[in-house]
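A quick write-up on the structure given underneath.
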Amino acid sequence: MKIIESERARTVSFSKRKKTLFEDAKKFATQTGAVVGVMLFSPGGKPCSYGSTSIEEIIENFLKVKLEDRQRDYVEGKSNGFEALEDLHKELQTCNEKEKKRVLMHKILHPGSEIPRDKHMEDQKLAMKLRVEKIKKETQNSILVEHLKFDLNVAPEPEDEEES
């Protein structure tokens, strides 16, 4: 599949496919009772949306549920970033153990000779480094999202003090 070269043909195709997509979303919502929302932008940048209820309400509920999931996972000690890093740490330990054995065997079998590079091992370590960078970026983005949701204009209600 590739982009339609003619801008006019692309616009016509967008309009027809948008109509079909919105009809299918409506049919899905009607038949299943699900709350459905579809958002897209035209090639010209114009926003279009369909919602079985208001699209704003759907977005608000979606974000609320996602935030609750993140908070629940945090309380339960489940952090995808930390779990992924833990898995990577174990994988790195295994790689390091294999590398130590390889080096030791080479020293035993070929004393005094230079230890050859292990291209496969280097590729594995590079892949792990890239995964660490990806996890780091996702974690930073997640933290940033949480910070942006913090509203400094909301002050807690003062607690009623019981008189003795």
Side-chain angles (χ1 to χ4, degrees), residues 1-5 10 13-14 17-18 20-22 24-25 27-29 31-45 47-52 55-154 156:
M1 218 182 236
K2 64 178 186 170
I3 192 163
I4 299 170
E5 296 298 325
R10 190 170 49 243
S13 180
F14 173 84
R17 289 178 181 263
K18 178 183 81 168
T20 303
L21 178 64
F22 288 175
D24 288 346
K27 184 178 176 182
F28 183 81
Q31 290 179 345
T32 65
V35 177
V36 177
V38 178
M39 296 186 313
L40 50 100
F41 288 86
S42 72
C48 306
S49 64
Y50 163 80
S52 56
I55 197 72
E56 291 81 6
E57 185 180 322
I58 293 171
I59 294 169
E60 188 177 309
N61 287 337
F62 179 82
L63 293 174
K64 179 182 170 190
V65 169
K66 285 300 221 181
L67 178 60
E68 288 170 355
D69 285 350
R70 265 192 243 117
Q71 288 172 340
R72 186 190 66 245
D73 289 348
Y74 179 77
V75 168
E76 293 176 0
K78 295 178 186 173
S79 171
N80 292 338
F82 289 119
E83 288 175 4
L85 284 173
E86 225 174 85
D87 293 342
L88 269 171
H89 182 254
K90 289 175 186 173
E91 194 175 327
L92 183 59
Q93 283 178 323
T94 302
C95 279
N96 285 336
E97 289 171 14
K98 286 180 182 178
E99 178 66 6
K100 285 179 186 178
K101 287 178 185 176
R102 184 185 76 81
V103 168
L104 182 61
M105 286 302 294
H106 187 273
K107 285 181 178 180
I108 291 170
L109 296 174
H110 308 283
S113 67
E114 186 176 329
I115 300 168
R117 292 178 39 215
D118 184 345
K119 179 76 171 126
H120 178 70
M121 183 72 67
E122 289 174 4
D123 290 346
Q124 276 185 310
K125 287 184 177 181
L126 178 61
M128 282 186 236
K129 182 178 180 181
L130 294 173
R131 285 169 42 203
V132 167
E133 291 300 320
K134 181 180 176 189
I135 292 167
K136 181 179 173 184
K137 184 177 178 180
E138 288 171 355
T139 304
Q140 286 172 337
N141 288 342
S142 177
I143 290 169
L144 180 60
V145 166
E146 293 303 317
H147 282 294
L148 291 175
K149 290 180 181 175
F150 183 73
D151 188 355
L152 295 174
N153 297 320
V154 177

- Task: Tell me, please, which residues at least two apart from T20 pass side-chain contact (heavy atoms from CB on, under 4.5 Å).
- Result: D24

- Query: Just how far is it from atom CD1 of I59 to atom CG of L63, taken to the nearest 0.5 Å?
  - Reply: 7.5 Å

- Over all heavy atoms of both residues, which pair between F14 and F41 is shortest? Give the atoms and the distance, please. CE1-O, 3.9 Å

- Query: Could you walk me through whether L104 and K100 pass the side-chain contact (heavy atoms from CB on, under 4.5 Å) check?
  - Reply: CA-CA 6 Å; L104 182 61; K100 285 179 186 178; over 6 Å; no

- Query: Does the side chain of P47 reach to within under 4.5 Å of the side chain of M39, using non-hydrogen atoms?
  - Reply: no

- Task: Under the side-chain contact (heavy atoms from CB on, under 4.5 Å) rule, collect the residues that match up with T94, sequence neighbours excluded.
- Result: K98

- Is the closest side-chain heavy-atom distance between K129 and L92 below 4.5 Å? no

- Task: Sequence neighbours left out, what passes side-chain contact (heavy atoms from CB on, under 4.5 Å) with L109? Give chain and number order.
- Result: M105

- Listed once per pair and sorted, the salt bridge (charged side-chain N to carboxylate O under 4.0 Å, His left out) pairs that draw on residues 104-119, sequence neighbours left out: R102-D118, R117-E122, K119-D123

- Query: Above 12 or not: heavy atoms from other molecules or residues under 6.0 Å from CZ of R10?
  - Reply: yes

- Task: Nearest 0.5 Å please: distance from the OG atom of S49 over to the CD1 atom of I58.
- Result: 8.5 Å

- All side-chain contact (heavy atoms from CB on, under 4.5 Å) counterparts of L21, not counting sequence neighbours: V38, L40

- Which pair of heavy atoms, one from S52 and one from A34, lies closest together, and at what distance? OG-O, 3.9 Å

- For E91, salt bridge (Lys or Arg N to Asp or Glu O under 4.0 Å) partners two or more places apart: R131

- Task: Measure the spacing between NZ of K64 and CD of E57 and express it to the nearest 0.5 Å.
- Result: 10.5 Å

